[in-house]
J.: 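Okay, here's the structure, questions in a sec.
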Amino acid sequence: MWERLPIRALRYLAALAIVAAITFFYRNVLPVNQTTVALTLLLAILTVSTVWGLRVSVCMSVAAMLAFNYFFLPPVGKFTIADPQNWVALIAFLGTALVASQLATRVRYEAESAQRRGREVERLYSFSQQLLVEGNVIQLLNAIPNHIVEIFEVGAAALFLLNKNKFYRSGSGAAHLDDEELRNAANREEPILDAERSLSFVPVRIGVQPLGSIGISGPILSRKTLEALGTLVAIAAERARAVERLSKAEAVREGEQLRSALLDSITHDLRTPLTSIKASVTSLLNEPAREDTGRRELLTIIDEEADRLNQLVGDAAEMARLDAGEFELKLESHPISEVVEAALAQSRPFLGARPVNVSLAADLPPVRADFSRIKDVLVRLIENADAYSLKEAPITISAEVSEPWLVISVADRGPGIEDMEMGLIFDKFYRGKDQRFLVQGTGMGLPIAKAIVEAHGGTIGVTSQLGHGSVFSFTLPIDRGAGGGR
């Protein structure tokens, strides 16, 4: 308040100086009639009231009336008035000046109020947009005080929640927002404005149910803005809580689906090799004198089915580790050609005589990846292509640069994938509806590949055409630091 006194004094002096200047001009430079002088003074008073307010214009009106009387109304040079008609003119001048000043000041005040309300509406809109971004309850509650400080340009803000009995704070003056005052404000129905301490408190409520309160230190916001702020925070908190509940329900539903799929997989995929192993062992035990050829066939079945069973258990364990994030990537720079060679060497036993076309440019840049993990991705994609296409049909492996990624593709000439299944084939335990009983598998190969690629920061996808085959592609980050590139 005291800091503004010099500014106010200067405004009063400037208003008096304007009256003096007009008086001097019409007295010494350009003599005119009394009506012109009065209209000029009124115009100046109206301008001052519009710019500096009613108090300055009232002071200026009194000064203008005295100057008009002393210098322009006869007898000039005296404050007395000879003609009674001039009393009417003088009173009319003063009344017009005061009324015009009041009207101009009111218009100015209404314009400033409209601008202030417009700014507050813009800030509330921006605040509501920020609240919609957060879906996690914890992140939202921590972010609300920060958003209030940044958007409304206040010194500090605090949020108190009754059900958690917890405070969330932001800003340099947050310590001034007393815990007890925040608790008391939560049980009120209206905001508390303390202009002396530059503090304001607003309850956060949904209907008649109190949720908490907000405390603000700094510029005092309007009561309507504070009420809107409390309502927005209440709605956002309820929305985030509803999203969290929905997410938990969705997680439970997906867990049930996963358990059902796992049970189905165990029932089918585990029972099949166990049945074969059991039958072979029973036959060996019941016919110990069986000839060597027959024994070798049964032992081969046992060996193959044991490997299949071991792979199933290994895939389940690997999927569990990937889902839990219980693995580390050993990221190093590797040429993609070395990864492809290692994958083909590991895939050769099940590929047999199937032709494999490798199309890799000599100047492909290296990738930053875990060699063993990415080799496993390629092996699973090659195994998938081998399982779902005729043995004489070739598999094509290629790679191309798509900055800042290297895109690696495995193409087959199998039956293709229907559009409705494109979004499902990377789900755990999912297998094509027309192939699940024709091709052995666990339904975990592609989900494991997807998890590994995403752990590298890349993406994996598939394009397919029925009757012509499918192309599985994944991306890996290019390692420019290794000096590779085109």
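A quick note: this is a predicted structure, and the numbers were derived from the prediction, not measured.
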J.: If I take atom CG from residue Leu41 and atom CD1 from residue Ile22, how far apart are they, to the nearest 0.5 angstrom?
T.: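 With rounding to 0.5 Å, CG (Leu41) is 5.0 Å from CD1 (Ile22).
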J.: Mind checking whether Thr475 and Leu406 have side chains closer than 4.5 Å, heavy atoms only?
T.: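 A side-chain contact under 4.5 Å is absent here.
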J.: Any donor-acceptor pair under 3.5 Å linking the side-chain atoms of Thr40 with those of Tyr26?
T.: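 The criterion, which ignores hydrogens and geometry beyond distance, is satisfied for Thr40 and Tyr26.
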J.: Within this structure, what is the CZ-OG1 distance for the pair Phe72 and Thr23, rounded to the nearest 0.5 Å?
T.: 5.0 Å
J.: Could you check if a side-chain atom of Asp194 sits within less than 4.5 angstrom of a side-chain atom of Phe201, using non-hydrogen atoms only?
T.: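 A side-chain contact under 4.5 Å is absent here.
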J.: Check this for me: Glu403, atom CD, are more than 12 non-hydrogen atoms of other residues, nucleotides or ligands nearer than 6.0 Å?
T.: yes
J.: Could you tell me whether Phe25 atom CZ has more than 12 heavy atoms of other residues or ligands within 6.0 Å of it?
T.: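 Atom CZ in Phe25 is crowded, with more than 12 foreign heavy atoms closer than 6.0 Å.
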J.: Can Arg197 and Glu181 be counted as an ion pair, charged N to O under 4.0 angstrom?
T.: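 Looking at Arg197 and Glu181, the cut-off is met.
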J.: Distance alone, cut at 3.5 Å: any donor-acceptor contact between the side chains of Ser222 and Glu120?
T.: yes
J.: Could you tell me whether the side chain of Leu226 reaches within less than 4.5 Å of the side chain of Ile216, counting heavy atoms only?
T.: yes
J.: For residues Ser464 and Ser470, is any side-chain donor paired with an opposing acceptor at under 3.5 Å?
T.: yes
J.: Please determine whether the number of non-hydrogen atoms from other residues, nucleotides or ligands lying under 6.0 Å from atom NZ of Lys375 exceeds 12.
T.: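 More than 12 within 6.0 Å, yes.
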J.: Taking all non-hydrogen atoms of both residues, which atom of Leu182 and which atom of Gly215 are closest, and how far apart?
T.: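 What the structure gives for the nearest pair is CD2-N, 3.5 Å.
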J.: Measure the shortest side-chain to side-chain distance between Thr231 and Arg205 over non-hydrogen atoms and say whether it is less than 4.5 angstrom.
T.: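 Counting from C-beta outward, Thr231 and Arg205 never come under 4.5 Å.
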